[in-house]
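Below: the structure, in structure tokens.
Every chain is numbered from 1, with letters handed out A, B, ... down the list of sequences.
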There are 2 protein chains.
Amino acid sequence: MRLSNLADYAVVTMSAAARHCGGARTSAAELAAETGLPVPTVQKLVSKLSAAGLLRSTRGAGGGLQLARPAAAITVADIVEAVEGPIALTACVEGTDCSVEHDCTVKPHWPVVNEALRGALAAIPLTQLARTREIA
Amino acid sequence: MRLSNLADYAVVTMSAAARHCGGARTSAAELAAETGLPVPTVQKLVSKLSAAGLLRSTRGAGGGLQLARPAAAITVADIVEAVEGPIALTACVEGTDCSVEHDCTVKPHWPVVNEALRGALAAIPLTQLARTREIA
DNA sequence: ACCAATCGGAACGATTTGGTCCGATTTGAT
DNA sequence: ATCAAATCGGACCAAATCGTTCCGATTGGT
């Protein structure tokens with residue numbers, strides 16, 4: 001019931017990137033310096049975040065990163081799904097395979113819990129996390 | 001963002017145990033047979049569930065298990081916490097240690113998300129899961 | 001007092017996660 | 001047009017956790 005460290009770092013990284021909205025181009029090294037995370041870790045994160053369509057990466061000498069969408073349109077759920085894959089509490093939700101064979105009475109209830117959780121994460125936009133000191 | 005298989009199995013096991021409310025004494029082997037889970041796995045689960053105070057175990061020849069509380073007073077959050085420990089999305093919530101050193105702007109917001117998640121799981125009592133076929 | 005059945009804890013193996021490194025690609029200047 | 005610098009992207013390796021299995025300690029019945 002704990003999300004991975006990578007997902008946690010991804011949220012922090014995106015939050016730092018959101019503050020660079022003015023200077024559109026930011027580098028992974030710069031984000032690492034601001035967040036205090038290891039540089040290679042941030043590189044791996046921006047790779048996944050770019051593949052998920054949350055960051056727009058520009059290669060080359062003067063390249064860098066920028067948010068693909070406005071910060072208000074990016075939620076914690078988006079970031080978590082980009083790093084950890086789809087939000088699915090159990091294997092039942094994705095229909096992968098259920099070890100419990102026959103009459104699994106709990107199976108119909110998991111999607112309800114799953115959506116409740118996803119809704120809680122989707123309710124937090126990136127703009128709220130980027131605020132420096134204010135608590136929600 | 002996926003809870004462990006053990007936690008999933010624990011919910012199924014508790015759901016099966018709730019159906020034995022009449023015949024107070026149930027064995028771990030019987031629960032395993034009903035759920036289709038491996039017997040040693042169920043044994044490990046009942047150990048943790050008993051230590052958490054959700055199940056009451058009686059040792060000896062004619063011993064067995066029974067719910068320590070009414071099924072209506074046991075929620076999914078209780079079961080998950082019994083198996084996986086406290087519900088804490090990030091290390092920040094527990095105050096263990098935060099790799100992000102100085103100005104972590106996201107830190108104040110995690111408890112809010114954490115409580116929202118816990119509330120979603122605490123809203124599902126065991127009685128709801130024990131129903132045979134009805135969907136919530 | 002003996003036996004049988006049960007829970008409780010400890011050890012092993014497998015899988016996923018986290019961290020590090022190097023190569024491919026693109027832009028800017030000369 | 002060529003060179004050089006800086007960037008992202010993917011691949012490799014170590015570590016921790018999770019899942020499973022097995023064996024011992026305890027208890028009640030006979």
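- At the heavy-atom level, B/A28 lies under 4.0 Å from the strands shown only through sugar-phosphate atoms.
- Paired runs in DNA chain C that reach 3 or more consecutive Watson-Crick or G-U pairs, where each pair keeps both distances under 3.5 Å, cover C:1-30 with D:1-30.
- Taking every heavy atom of both residues into account, A/A18 and A/L67 meet most closely at CA-CD1, 3.8 Å.
- Atom CZ of B/R69 is surrounded by more than 12 heavy atoms from other residues, nucleotides or ligands within 6.0 Å.
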Pull out every protein N or O sitting under 3.5 Å from an N or O of nucleotides 22-30 of chain C, one pair per line with the distance.
| residue | atom | partner | partner atom | Å |
| --- | --- | --- | --- | --- |
| C/dA24 | N3 | A/R59 | NH2 | 3.3 |
| C/dT25 | O4' | A/R59 | NH2 | 3.1 |

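- Distance alone, capped at 3.5 Å, places no donor-acceptor pair between the B/D8 side chain and the B/L3 backbone.
- Taken from CG in B/L54 to CG in B/L126, the straight-line distance is 9.5 Å, to the nearest 0.5 Å.
- The two residues B/P125 and B/A123 have their closest heavy-atom pair at CD-O, 3.2 Å.
- Pairing each heavy atom of B/Q128 with each of A/H109, the nearest pair is O-NE2, 3.2 Å.
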At a cut-off of 3.5 Å, list every protein nitrogen or oxygen paired with a nitrogen or oxygen from nucleotides 16-19 of chain D, distance to 0.1 Å.
| residue | atom | partner | partner atom | Å |
| --- | --- | --- | --- | --- |
| D/dG19 | OP1 | B/N5 | N | 2.5 |

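- The minimum heavy-atom distance between A/A7 and A/V83, with the atom names listed, is N-CG1, 3.9 Å.
- Taking the side chain as every heavy atom from C-beta outward, B/M14 and B/L55 approach each other to under 4.5 Å.
- Using a 4.0 Å heavy-atom cutoff across all strands shown, A/P40 reaches at least one base atom of the nucleic acid.
- The pair B/R118-B/E81 meets the salt-bridge criterion, with a side-chain N (NZ, NE, NH1 or NH2) lying under 4.0 Å from an Asp/Glu carboxylate O.
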What side-chain donor-acceptor pairs closer than 3.5 Å can you find for residues 70-80 of chain A, not counting sequence neighbours?
| residue | atom | partner | partner atom | Å |
| --- | --- | --- | --- | --- |
| A/T75 | OG1 | A/A77 | N | 3.4 |
| A/T75 | OG1 | A/D78 | N | 3.3 |
| A/T75 | OG1 | A/D78 | OD2 | 3.1 |
| A/D78 | OD2 | A/T75 | N | 3.1 |

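- If you take CG of B/L65 and C1' of C/dA5, they are 13 Å apart, rounded to a whole angstrom.
- Shown here for B/A88 and A/R2, the closest heavy-atom pair between the two residues is O-NE, 3.3 Å.
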What pairs of donor and acceptor atoms, side-chain ones from residues 37-49 of chain B against any protein atom, are under 3.5 angstrom apart with sequence neighbours left out?
| residue | atom | partner | partner atom | Å |
| --- | --- | --- | --- | --- |
| B/S47 | OG | B/Q43 | O | 2.9 |

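- Put simply, A/S57 has no side-chain N or O that comes within less than 4.0 Å of OP1 or OP2 on D/dT7.
- When every heavy atom of A/S57 is checked against every heavy atom of A/L65, the shortest pair comes out as CB-CD2, 3.9 Å.
- Contacts between residues 46-55 of chain A and DNA chain D, counted as heavy-atom distances below 4.0 Å, involve A/S47, A/S50.
- As rounded to whole Å, 13 Å separates atom P of D/dT21 from atom CG of B/L45.
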